[in-house]
Amino acid sequence: QVQLVESGGGLVQPGESLRLSCAASGFSFSTRAMSWYRQAPGKEREFVARISSVGGVTNYADSVKGRFTISRSNAKNTMYLQMNSLKPEDTAVYYCCASSSRGLNYADWGQGTQVTVSS
């Protein structure tokens, strides 16, 4: 069974950094593009970053460009999100997502990890 487990969230002050990890199992990790999404209280889930299966192509939401970096290790079946210069508006539950060739509705999701940015 597909399993995606996020970790690395926590409470940090504005301007600090955090690195999230997504450990994947139950599928061929190296063949699937991966994404990070986040959901803040009272808001819709929003796209944060995406990385191609090999890792050569990335894209980011405008709100995180220049601050966040998505990466992956296919050897470790793990995806990462390095978050620098964190802002209070980055506070959200961050979710790992694996794309599916079966269609958008068949994407797989992790349980999420809480990131809180507050002084």
Side-chain angles (χ1 to χ4, degrees):
Q1 190 76 280
V2 172
Q3 187 173 32
L4 300 169
V5 181
E6 302 94 335
S7 62
L11 173 63
V12 297
Q13 296 183 4
E16 294 184 342
S17 298
L18 213 54
R19 189 172 86 150
L20 306 183
S21 297
C22 171
S25 61
F27 66 99
S28 183
F29 179 77
S30 63
T31 68
R32 294 175 68 171
M34 301 289 295
S35 299
W36 288 98
Y37 285 75
R38 67 187 183 187
Q39 188 168 23
K43 293 189 175 182
E44 296 290 320
R45 185 173 298 188
E46 67 173 340
F47 167 78
V48 176
R50 180 167 291 143
I51 186 166
S52 62
S53 59
V54 175
V57 179
T58 59
N59 58 291
Y60 299 89
D62 288 342
S63 59
V64 307
K65 284 182 180 177
R67 300 189 298 120
F68 290 11
T69 303
I70 189 171
S71 62
R72 67 191 294 162
S73 172
N74 286 345
K76 297 179 179 179
N77 283 3
T78 304
M79 177 179 66
Y80 307 94
L81 185 67
Q82 178 66 45
M83 305 184 294
N84 298 328
S85 302
L86 283 162
K87 304 175 180 179
E89 49 263 46
D90 295 318
T91 295
V93 177
Y94 283 71
Y95 295 93
C96 177
C97 176
S99 66
S100 175
S101 61
R102 298 160 64 195
L104 183 63
N105 204 36
Y106 293 87
D108 294 297
W109 296 87
Q111 84 293 331
T113 185
Q114 176 71 50
V115 172
T116 302
V117 185
S118 177
S119 58

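What you see is a predicted model; the values in this text were computed from it and never measured. Computation of the quantities below employed the complete heavy-atom set of this structure, encompassing side-chain atoms and omitting hydrogens, waters and symmetry-equivalent molecules.
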Just by distance, do the side chain of T78 and the backbone of K76 share a donor-acceptor pair under 3.5 Å?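 Between the backbone of K76 and the side chain of T78 there is a qualifying donor-acceptor contact (under 3.5 Å).
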
Look only at the side chain of S99 and the backbone of A33, and say whether a donor-acceptor pair between them is shorter than 3.5 Å.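 Yes, because the side chain of S99 sits within donor-acceptor range (under 3.5 Å) of the backbone of A33.
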
Scan the side chains in residues 10-17 for donor-acceptor partners under 3.5 Å anywhere in the protein, sequence neighbours excluded, and list what turns up.
residue : atom : partner : partner atom : Å
E16     : OE1  : Q13     : N            : 3.0
S17     : OG   : N84     : OD1          : 2.9

Looking at every heavy atom in both A92 and Q114, which two are closest together, and how far apart are they?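 Heavy-atom minimum between the residues: O-NE2, 3.4 Å.
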
What pair of heavy atoms forms the shortest contact from S100 to A107, and how long is it?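 Taking S100 first and A107 second, the nearest heavy atoms are CB-N, 4.1 Å.
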
Shared hydrophobic cluster, [X] / [Y] (ILVMFWY, side-chain heavy atoms < 4.5 Å):
X   : Y   : value
Y95 : M79 : no
V93 : L18 : no
L86 : F47 : no

Kindly determine whether R38 and Y94 satisfy side chain to side chain donor-acceptor pair (under 3.5 Å), including the steps that lead there. CA-CA 4 Å; R38 67 187 183 187; Y94 283 71; 2.9 Å; yes

Can you tell me which residue pairs pass the disulfide (SG to SG under 2.5 Å) test with a partner in residues 78-110, sequence neighbours excluded?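 The answer is C22-C96.
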
Any heavy-atom pair between the side chains of [Y] and [X] that's under 4.5 Å?
X   : Y    : answer
F68 : Q82  : no
L4  : Q111 : no
R67 : Y60  : no
W36 : L20  : yes
E44 : Y37  : no
L81 : T69  : no
V57 : I51  : no

The test is side-chain contact (heavy atoms from CB on, under 4.5 Å); show your working for W109 and E6 and say whether it passes. CA-CA 10 Å; W109 296 87; E6 302 94 335; over 6 Å; no

Pairwise distance OG(S30) to CG(N77) - rounded to 0.5 angstrom: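 Reported value, rounded in 0.5 Å steps: 7.5 Å.
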
Atom CG in D108, atom CZ in R102: separation rounded to 0.5 Å?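 The distance works out to 8.0 Å.
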
Does a side chain donor of either E46 or Q39 reach within less than 3.5 Å of an acceptor in the other side chain?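 Not at all, the side chains of E46 and Q39 share no donor-acceptor pair under 3.5 Å.
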
Is any NZ, NE, NH1 or NH2 atom of the basic residue among K87 and D90 found under 4.0 Å from an Asp or Glu carboxylate oxygen of the other?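 The answer is no: the pair does not qualify as a salt bridge.
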
On the six-membered ring of F27, is R32 placed so that its NZ or CZ lies under 6.0 angstrom from the centre and within 45° of the ring axis?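 Yes - R32 lies over the ring of F27, closer than 6.0 Å to its centre and within 45° of its axis.
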
Whether R72 engages the ring of Y80 as a cation-pi pair (distance to the six-membered ring centre under 6.0 angstrom, angle to the ring normal within 45°) should be assessed.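 Verdict for Y80: no cation-pi partner in R72.
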
